[in-house]
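Here is the structure we will look at.
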Amino acid sequence: SLRRCGAGAEAEQAYRQLAADDTAMLHVRARAMLALGDLRRDRRQYAAARRVYEQARDFFVARHEEFRTAAMERLRDVETLADGQPFRTERQRRIDRINRATPWFTVAPDGDDANPGTAARPFRTLERARDALRERRQHEPLPAGGVAIVLKGGVYPRLQGSFALTAEDSGTAAAPVLYCAAPGAKPILRAGQTVTGFRPLADSPAAQRIPEAARPHVLQVDLRACGITDFGKLTPRGVDYFGPLVNVDTPAHLELFFGGVPMSLARWPNDTPKMSERFALIETGDQEAVRVEGRTMVKDSNLIYYSNPRQDAWGNEPDPWLFGYFQYAYFSSYRRLLGVEPDKKRMRVELGGPGQHPNVVKGSPYQGINLLCELDSPGEWYLDRATGLLYFWPPKPVQDAEAVASMLEAPVITMDNTSHVILRGLTVEAGRHHGVTVKDGEDVLLAGCTIRDMGCKGAEINGGHGHA
């Protein structure tokens, strides 16, 4: 109330008393501490405001994370401002950087790298635009507000390698380099291959494994006829009690996307909104079990028992896998199914790792996946790696959406020790690796970008500072 009435001195005194009062409730003291900094910020005394925010940040370590975070956010808002400058939040300053760039080059999917890179005669590839920018900077400085490489709408294939930016591609704080969508355009950097040529299911030994009721709905396509011969491979993925099962940089296997949505490898139980119906539960059979932390566990065993006879057929599949929460409900992973013994209603699963002891926990949820014999619902698919035939039950007519198989086993965009570069309005999709990686450097900004359908991480930032 004192601040609203313009009584700044009285307000400051009241805030000081509250901030120092050990008997006051913590949230009251927190608001008083932050308000002391806000008073100085509003007076454009940013150096003094930083000191107050830093004190508040340090005070709330191990006391209250919300207030510590609030102090850190305020610090970011004033960290680069000199006393007397108009106040602009960190977000406002980022928007300023985005909107002041001068277009230098244009890229379009139907362009030509022999063109000059103008809006009327654009380049075709990002690499050509990057190299042209390097050449031009040798004899012309970046203008105030920075420069933009403008991408027209459409699909930019990224099947051969990453679009790589290094230190020499950096901008400056006053003149960033911007890779951005043209107004109203949707440029898509696609690390996957379009799949066409679907046709009705043909009779074959493989087709006979598909449930009879599903066969009229299932289509097939020869991926090799689409130019796709590298199918990748399924590997153990996820995390268990001992840590990640595989290096986070290990590429995923080929995946299928339809209309921009990931499709499910043929599985049972099927994906449903109800979690209780989405998984089978591990049974331990007659194995000797112990109680550990409220769980019934069979130690040093990789045997899983089951009771549904449909699982007998999993043993006839060439590369069966399980997805589940095998030890704890917060550790999910993909495990290879080593074999099925229908007469004993049990399966042997690749659990544990070098130096680890496999354990089976009763009641843990799991699904069988990569099973052609379970291709029985819309959105499921299966790839026969021996023949290159992909079987797919599309969730809607196949001509109504685009089918894409993930391909690139490297990040789509890499920035290594790159600074003051902005990606705005780009869509990055359908790779087997990361979408965007940023290593070291400073002030790289991803603004209004969509990163989807990637085999590993959408964006990975290692080192540097000021990235967002």
Side-chain angles (χ1 to χ4, degrees), residues 1-101 144-146 171-176 178 330 419-424 438 440-449 458-468:
S1 298
L2 290 171
R3 287 178 67 187
R4 285 196 294 269
C5 295
E10 293 85 346
E12 182 172 353
Q13 183 179 0
Y15 291 146
R16 285 186 181 280
Q17 290 175 349
L18 277 173
D21 187 353
D22 291 338
T23 65
M25 296 181 69
L26 192 61
H27 73 275
V28 175
R29 296 184 68 187
R31 287 179 170 81
M33 291 178 189
L34 296 174
L36 283 171
D38 295 345
L39 281 172
R40 286 156 177 75
R41 180 198 65 197
D42 295 345
R43 296 169 185 162
R44 300 184 181 180
Q45 298 170 350
Y46 303 119
R50 282 193 288 272
R51 289 193 293 271
V52 175
Y53 293 143
E54 287 168 353
Q55 291 170 359
R57 176 199 63 194
D58 297 341
F59 176 81
F60 284 104
V61 171
R63 282 192 173 97
H64 203 296
E65 185 64 17
E66 179 182 350
F67 297 131
R68 189 181 76 89
T69 300
M72 293 170 63
E73 290 173 350
R74 284 168 163 82
L75 266 172
R76 288 195 293 269
D77 282 343
V78 300
E79 66 180 347
T80 62
L81 296 177
D83 287 355
Q85 280 187 312
F87 177 63
R88 304 279 291 171
T89 66
E90 180 187 37
R91 181 174 182 274
Q92 290 169 327
R93 295 197 300 273
R94 284 175 176 160
I95 293 173
D96 291 343
R97 293 173 64 206
I98 290 173
N99 292 334
R100 294 176 181 172
T172 67
L178 178 68
Y330 44 84
S419 300
H420 307 294
V421 169
I422 300 168
L423 308 180
R424 186 184 75 180
V438 179
D440 300 328
E442 60 180 300
D443 288 329
V444 168
L445 174 64
L446 277 62
C449 293
E460 181 181 61
I461 298 175
N462 285 315
H465 64 275
H467 305 308

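None of these values were measured; they are calculated from a predicted model. Positions are given from 1 along the sequence.
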Check your understanding: With distance as the sole test, does Arg50 use its side chain to make a donor-acceptor pair with the main-chain N or O of Val78 at under 3.5 Å?
Key -> yes
**Study point:** Derivation and outcome, side chain to side chain contact (heavy atoms under 4.5 Å, CB included), residues Leu36 and Glu12
**Key:** CA-CA 6 Å; Leu36 283 171; Glu12 182 172 353; 3.9 Å; yes
Could you list the donor-acceptor pairs under 3.5 angstrom formed between side-chain atoms of residues 460-468 and any protein atom two or more places apart in sequence or on another chain?
| from | atom 1 | to | atom 2 | distance (Å) |
| --- | --- | --- | --- | --- |
| Glu460 | OE2 | Lys457 | NZ | 3.1 |
| His465 | NE2 | Glu442 | OE1 | 3.4 |
| His467 | ND1 | Val444 | N | 3.0 |
| His467 | NE2 | Asp440 | O | 2.9 |
| His467 | NE2 | Gly441 | O | 3.3 |

Practice item. Examine distances only and state if a side-chain atom of Arg40 and a backbone atom of Gln45 form a donor-acceptor pair shorter than 3.5 Å. Key: no
Practice item. Examine distances only and state if a side-chain atom of Tyr15 and a backbone atom of Gly37 form a donor-acceptor pair shorter than 3.5 Å. Key: no
Check your understanding: Can Asp77 and Arg74 be counted as an ion pair, charged N to O under 4.0 angstrom?
Key -> no
Practice item. Would you check, one step at a time, whether the test side chain to side chain contact (heavy atoms under 4.5 Å, CB included) holds for Val28 with Asp21? Key: CA-CA 10 Å; Val28 175; Asp21 187 353; over 6 Å; no
Review point. Does Tyr53 use its side chain to pair, donor to acceptor, with the backbone of Ala70 at less than 3.5 Å?
Key: no
Practice item. Report yes if the side chains of Leu81 and Arg93 come closer than 4.5 Å at any heavy-atom pair, otherwise no. Key: yes
Practice item. Mind listing the closest non-hydrogen atom pair of Ala71 and Arg57 along with its distance? Key: CB-N, 3.7 Å
Check your understanding: Would you call Glu65 and Arg68 a salt bridge, taking side-chain N to carboxylate O under 4.0 Å as the test?
Key -> yes
Check your understanding: Is a donor on one side and an acceptor on the other found under 3.5 Å between the side chain of Asp83 and the backbone of Ala47?
Key -> yes
Check your understanding: If you take all heavy atoms of Ala32 and Leu18, which pair is closest and at what distance?
Key -> CB-CB, 3.7 Å
Check your understanding: To the nearest 0.5 Å, what is the distance between CD (Glu73) and CZ (Arg76)?
Key -> 5.5 Å
Check your understanding: How far does CZ of Arg424 sit from CG of Asn99, to the nearest 0.5 angstrom?
Key -> 6.0 Å
Review point. Heavy-atom distance under 4.5 Å between the side chains of Gln85 and Thr80, does that happen here?
Key: no
Practice item. Ignoring hydrogens and angles, tell me if any N or O in the side chain of Arg100 forms a donor-acceptor pair with the backbone of Gly146 under 3.5 Å. Key: no
Practice item. Quick one: which residue pairs count as a ring pair (Phe, Tyr, Trp, His ring centres under 6.0 Å) with a foot in residues 67-86, not counting sequence neighbours? Key: Phe60-Phe67, His64-Phe67
